[in-house]
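The next block holds one structure in the form of structure tokens; read it before the comments.
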Amino acid sequence: MKLYEENNLVILEDVENFDARAIFTCGQAFRWYEEKDGSFTTVHLGRVLNVLNEKDRVVFKGTNLEEFKEIWVDYFDLNTNYKEIRKTLSGNEILVNAMEYGKGIRILNQNHFEMLISFIISANNMIPRIKKSIEVISMRYGKFICEDENRKYYSFPTVEELSNATVEDLREFAKVGFRDKRIFDTVNMILNDKIDLNSFESLETDVLREELLKFSGVGNKVADCIMLFSYKRGEVFPVDVWIKRVMEKLFIKQETPVKKIAKEADRIFGKYAGYAQQYLFYYGREEKIGK
DNA sequence: CAACAGGTCGCTG
DNA sequence: CAGCGACCTGTT
């Protein structure tokens, strides 16, 4: 991996596993925009970044080398060796297909609070609507960052900022539906109990899950997503309807309850189950496996 | 117009 | 504690 700055752009070369489309559309992130030139623009920690895949390199616009190393290397999980992970997982023939299909996927390390709220919204919901709700929430309660020819950008609100939202506002403007009270209760629980989501980083995975399950709107699937996309728990295997279908169709070969699917995944994929989940999700949804 | 979509909650037995 | 219906919203 080679990283350097040139003409106000940060360039990444010699990275074999980086496909912006796969990264942003594999279901882990909601704050990205696909641009006309095929690049993707994303917002993270109050910063706006444009990412363009070229033939043999990735071009980042809107940052500099120093900030890139400080913020974006961790965000894009660039210190993780995906080739090695894929090699470890390659004992499974079915998974090899999916991995080849989505070999440019990387698991982003996103903000804890943003993931908590985003995945509460994701419950029984669809990606376009989830994105819209998060956009409205950022616009109304976050801070204005900047503006370009395409749109205005706002940061995802802090806990304090989002505590300005009433249940009614969340429903009326953000269109979160019955998740309005869950968001409101979760925000107020963090505030009232003075919960520090950063302090969760050091918890063991099972303890972390227990803590996350205490929030309103957080069940097993949502907790697993938060752990995988924000707490670097590569061993967890979130089971949604898509993954359920993929696992039933390709691996277990019969209808199986969600709880047993997670167990099976742990048995088959081990400590890299979360990475396997991302490859399978992307593959399964693109190819409509089981539908 | 009914069904459905990236689950969770709350109520039963 | 497993099972099951209800649930916003917007699209098909």
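Computed over heavy atoms, backbone and side chain alike; hydrogens, waters and symmetry mates excluded. To find a chain, count down the sequence lines: A is the first, B the second, and so on, and within it residues start at 1.
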- Take atom NZ of A/K244 and atom P of B/dG6, then tell me their distance rounded to the nearest Å. 14 Å
- Item | Touch class at under 4.0 angstrom, heavy-atom based, for A/F215 against every strand present | sugar-phosphate
- According to the Watson-Crick and G-U wobble definitions, with both distances under 3.5 Å, which nucleotide is paired to C/dC4? B/dG10
- Item | A/R86 and A/E100: CA distance, side-chain angles, deciding distance, salt bridge (charged side-chain N to carboxylate O under 4.0 Å, His left out) verdict | CA-CA 9 Å; A/R86 293 218 310 277; A/E100 190 56 33; 5.5 Å; no
- Query: With no angle test and no hydrogens, is the base of C/dC8 tied to the side chain of A/R179 by a donor-acceptor pair under 3.5 Å?
  - Reply: yes
- Query: Heavy atoms under 4.0 Å, any strand shown: does A/G217 hit a base, just sugar-phosphate, or nothing?
  - Reply: sugar-phosphate
- Message: Once you apply a heavy-atom cut-off of 4.0 Å, does A/G177 come out as touching a base, just sugar-phosphate, or nothing?
- Response: base
- Task: Identify whether any heavy atom of A/R182 sits under 4.0 Å from a base atom; if not, whether one sits that close to sugar-phosphate; answer base, sugar-phosphate or nothing.
- Result: base
- Query: Over how many whole Å does the gap from A/F229 atom CZ to B/dG6 atom P extend?
  - Reply: 14 Å
- Message: Both conditions, 6.0 Å and 45 degrees, for the charged tip of A/R151 above the ring of A/Y33: are they met here?
- Response: yes
- Task: Identify, between A/C26 and A/S216, the residue whose nearest nucleotide on DNA chain B lies closer to the 5' end.
- Result: A/C26
- Query: Do NZ/NE/NH1/NH2 and the carboxylate oxygens of A/E248 and A/R245 come within less than 4.0 Å?
  - Reply: no
- Message: Tell me the interatomic distance from A/K259, atom NZ, to B/dG7, atom P, rounded to whole angstroms.
- Response: 18 Å
- Rounded to the Å, how far apart are A/I226 CD1 and B/dG6 P? 18 Å
- Task: Check every strand shown and say whether A/F281 touches a base, only sugar-phosphate, or nothing at a heavy-atom separation below 4.0 Å.
- Result: base
- Message: Suppose we define a pair by two distances each less than 3.5 Å, Watson-Crick or G-U wobble; what does C/dT12 pair with here?
- Response: B/dA2
- Is the gap between the ring centers of A/Y279 and A/F269 under 6.0 Å? no
- Distance, rounded to the nearest Å, where A/W242 contributes CH2 and B/dG7 contributes P: 11 Å
- To the nearest angstrom, how far is A/I137 atom CD1 from C/dC8 atom P? 17 Å
- Message: I need the minimum non-hydrogen distance between A/S122 and A/K221, along with the two atoms involved.
- Response: OG-NZ, 4.3 Å
- Task: Give A/N220 one of three labels, base, sugar-phosphate or nothing, depending on what nucleic acid heavy atoms sit under 4.0 Å from its own.
- Result: sugar-phosphate
- Message: Between P on C/dC7 and CZ on A/R171, what's the gap in Å once rounded to a whole number?
- Response: 11 Å
- Ignoring hydrogens and angles, does a donor from either the side chain of A/N124 or the base of C/dC8 sit under 3.5 Å from an acceptor on the other? yes
- Expressed in whole Å, how much space separates the P atoms belonging to B/dC11 and C/dC8? 15 Å
- Indicate, with a heavy-atom threshold strictly under 4.0 Å, whether A/V258 touches base, sugar-phosphate, or nothing. nothing
- Task: Just compare B/dG6, C/dT11, C/dG10 and give me whichever is closest to any side-chain atom of A/K132.
- Result: C/dT11
- Item | Inter-nucleotide C1' distance (B/dG6, C/dG3), Å rounded | 22 Å
- Between atom NZ in A/K221 and atom P in B/dT8, what is the gap in whole Å? 7 Å
- Query: Out of B/dG6, C/dG10, C/dC8, which nucleotide sits closest to the side chain of A/D240?
  - Reply: B/dG6
- Item | N/O donor-acceptor pair under 3.5 Å between A/R31 side chain and A/V43 backbone | no
- Task: Among C/dC8, B/dG6, C/dT11, find the nucleotide with the atom closest to the side chain of A/F178.
- Result: C/dC8
